[in-house]
Amino acid sequence: MKISRIKAIAKKELIQIRRDPLSLAMAFLMPVMLLFIFGYAITLDVNNLETVVCDLDKSTLSRELVAEFGESEYFTIIDHVYSQREIDGYLDRGEALVAITIPQDFSEDIKKGRPAELQVIVDGSDSNSATIALGYISGVTGLFSKRIAVRQRPPLIDTRMRVWFNEELESRNYIIPGLIAVIMSVIAALLTSLTVAREWERGTMEQLISTPVKTPEFILGKLIPYFLIGFIDMLVSVLLAVFLFDVPMKGSLFLLAGLSSLFLFGGLSLGMLISIVAKSQLVASQIAMVATFLPAFLLSGFMYAIPNMPRPLQIITYAIPARYFVSMLKDIFLKGNPLHMLLFETALLGIFGLVVFGIANKKFKKRIE
Amino acid sequence: MNNEAVAIRTEKLMKSFGDYRAVDSLDLEIKRGEIYGLVGPDGSGKTTLMRLLTAIMEPDSGQAWVAGHSVITESETVKEKIGYMSQRFGLYEDLTVMENIIFYADLYDVPRKERPEKIERLLGFSNLTPFKSRLAGKLSGGMKQKLGLACALIHTPEVLFLDEPTNGVDPVSRRDFWKILYDLLKEGVTIFVSTAYLDEAERCTRVGLIHKGKLLIEDDPAAMKKSFGYPMIALWADDPRGAMKVLKIVPGVKNISIYGDRLHIALESLELTETIASELQAAAIEMKSYGKIVPSLEDIFITMVAGDE
């Protein structure tokens with residue numbers, strides 16, 4: 001293997017990229033655009049849920065509870081009604097997502113020390129928001145009952161909750177690092193998916209394979225320029241995460257750079273392998289898109305927690321590099337984990353890269369079929 | 001196989017695509033210092049043979065050696081010793097002339113201190129010096145081919161393979177191109193060139209006609225014309241097309257082609273001319289005159305291909 005030949009391929013590829021403004025713009029703008037679109041669109045926080053209240057008790061206590069809901073930023077009380085039928089109307093028309101009914105003997109029960117009941121109806125058509133809304137409701141009522149309990153007698157157990165690693169419970173904080181991992185999976189494979197297929201389509205490959213260039217020289221030389229682009233993309237994404245989305249960055253930037261490089265090596269090699277096998281730019285870019293986006297989005301633990309998946313799917317996730325990168329980025333951003341706590345992910349990411357790079361070398365033939 | 005005097009040798013070389021035999025049990029021997037012209041109609045197997053010999057395609061069976069090395073077991077060594085210009089322009093259109101040359105100099109590992117002189121020489125004889133920094137895609141057809149040649153020669157190959165290098169190139173550029181090839185020949189480079197132009201085949205030290213993957217005939221052009229097995233006559237008639245129709249079915253007529261008002265007819269023997277005269281008379285076609293001619297390469301090849309069909 002000759003370094004000079006790797007350099008020659010890399011240099012040639014870099015010149016070609018530089019002279020192709022459209023794909024250059026794509027390479028740099030696409031991750032930014034995706035981060036913007038998904039970063040703002042995917043949020044698991046639910047605010048200002050439209051709520052109707054039916055207070056049949058009309059006591060000081062019940063008004064206090066309603067006020068509690070009203071003051072929380074999660075609920076917006078849009079109307080007070082006095083019958084079940086009116087509630088049905090609001091929910092049917094979709095004007096309200098939550099309906100809270102306070103029964104007549106609500107304050108009476110509390111005063112007598114009996115468990116008081118509260119009827120809550122939540123529109124379950126958006127099950128995600130509904131679940132979150134239910135959580136908020138029990139939060140508000142929990143606090144409320146604790147307060148009146150204190151008034152009546154000293155508390156038996158004083159629960160103090162604290163959330164770790166993401167104190168403000170901002171879903172954005174854990175979405176953005178995961179999102180970067182998903183986006184970079186797609187970008188890395190897309191970047192290299194055209195490069196070999198293009199040489200076949202343009203007829204430059206026949207000339208190239210008639211020279212003594214070795215396969216690893218060719219593949220490494222082609223990886224280098226795209227590695228630089230991918231690294232810059234990664235850097236821009238991290239800057240956007242920290243300065244635009246206000247995600248705290250607690251870990252080491254060097255560790256982040258190192259692990260990102262490892263990830264890029266695997267992702268770019270995968271794109272290269274696809275380009276080698278497909279031999280057509282259109283097919284290659286489509287395969288790269290499907291083969292990276294869906295697994296990275298659905299099976300990486302970004303959207304759905306891996307332990308909740310059926311066993312066979314869990315096994316598949318081991319072969320998806322985004323799985324390791326999602327958890328690495330979350331851990332580095334939010335927990336500031338050092339390398340020795342990320343060894344498992346690092347090792348498997350490294351194995352993935354080497355295996356894919358090896359297959360790409362094996363699949364590339366300096367022959368015309 | 002390490003005969004120093006032989007540049008290219010094949011033994012029963014075979015390559016099929018499905019049922020189609022592109023190269024069919026082909027035996028070939030080309031000596032060092034030859035310029036060998038491969039001619040044949042489209043789809044006759046020229047490009048496939050070229051790819052087999054440049055070790056970028058694997059044969060189904062048979063053997064081939066180029067510059068003393070097997071194209072099957074020592075393909076990478078062969079690639080170091082040869083230069084190749086594919087039929088389709090194979091250089092990077094978005095790289096400049098100079099960038100393309102340097103790229104190939106790097107791939108062939110041409111020593112740095114030899115480069116300036118070599119590049120200057122290659123640019124000089126191909127008249128590309130004024131276009132050094134022009135993008136290859138912006139060159140004319142003839143200049144592209146010269147750049148292709150310059151890149152194929154950057155490492156001073158022992159054997160040069162050119163697949164229809166002057167296809168679609170204007171006559172003046174074609175003549176320039178062949179001048180360069182002759183200069184290379186003088187330096188001892190063996191050249192294996194395929195062409196569709198028979199005037200170019202005429203300039204080769206040896207010519208081979210390939211059809212359906214087989215060599216039909218092979219010799220130096222002058223000897224080929226002298227020893228061609230069928231006598232050839234030229235015949236002028238007032239209705240050449242009508243005459244052709246009549247004569248085509250006469251037994252012993254091997255091939256007829258029309259050149260304006262003239263027919264070139266390949267015959268099994270010269271005695272057939274009398275039959276021809278009487279056949280034309282019977283068809284009421286006036287034969288103005290006729291005479292025996294030396295066949296051109298075109299006559300020979302067309303007759304051979306027609307006979308093989």
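The shown structure was predicted, so the numbers you read here are calculated from the model rather than taken from an experiment. Throughout, protein chains are lettered first and strands after them, A, B, ... in sequence-line order, and every chain is numbered starting at 1.
- Within residues 203-219 of chain A, the residues having any heavy atom less than 4.5 Å from a heavy atom of chain B are, in residue-number order, A:G203, A:T204, A:E206, A:Q207, A:L208, A:I209, A:S210, A:T211, A:P212, A:V213.
- The residue among A:K2, A:K365, A:Q16 with the most heavy atom pairs within less than 4.5 Å of chain B is A:Q16.
- The local environment of CD in A:E201 is crowded, with over 12 non-hydrogen atoms from other residues, nucleotides or ligands closer than 6.0 Å.
- Using modelled atom types, no side-chain atom of B:R51 and backbone atom of A:I368 make a donor-acceptor pair closer than 3.5 Å.
- Around NZ of B:K118, the count of heavy atoms belonging to other residues, nucleotides or ligands within 6.0 Å exceeds 12.
- Heavy-atom pairs under 4.5 Å with chain A peak, among B:A105, B:S86, B:G148, B:C151, at B:S86.
- Listed in order of number, the residues of residues 87-94 of chain B that approach chain A to under 4.5 Å between heavy atoms are B:R88, B:F89, B:G90, B:L91, B:Y92, B:D94.
- Using a 4.5 Å heavy-atom threshold, the side chains of A:R367 and B:M57 count as separate.
- Within 6.0 Å of CE in A:M26 there are 12 or fewer heavy atoms belonging to other residues, nucleotides or ligands.
- Both the backbone and the side chain of B:T96 come within less than 4.5 Å of a heavy atom of chain A.
- Interface remark: of the candidates B:D106, B:D109, B:L107, B:I56, B:I56 forms the most heavy-atom pairs closer than 4.5 Å to chain A.
- Taking a cutoff of 4.0 Å between a charged side-chain nitrogen and a carboxylate oxygen, A:R19 and B:E99 qualify as a salt bridge.
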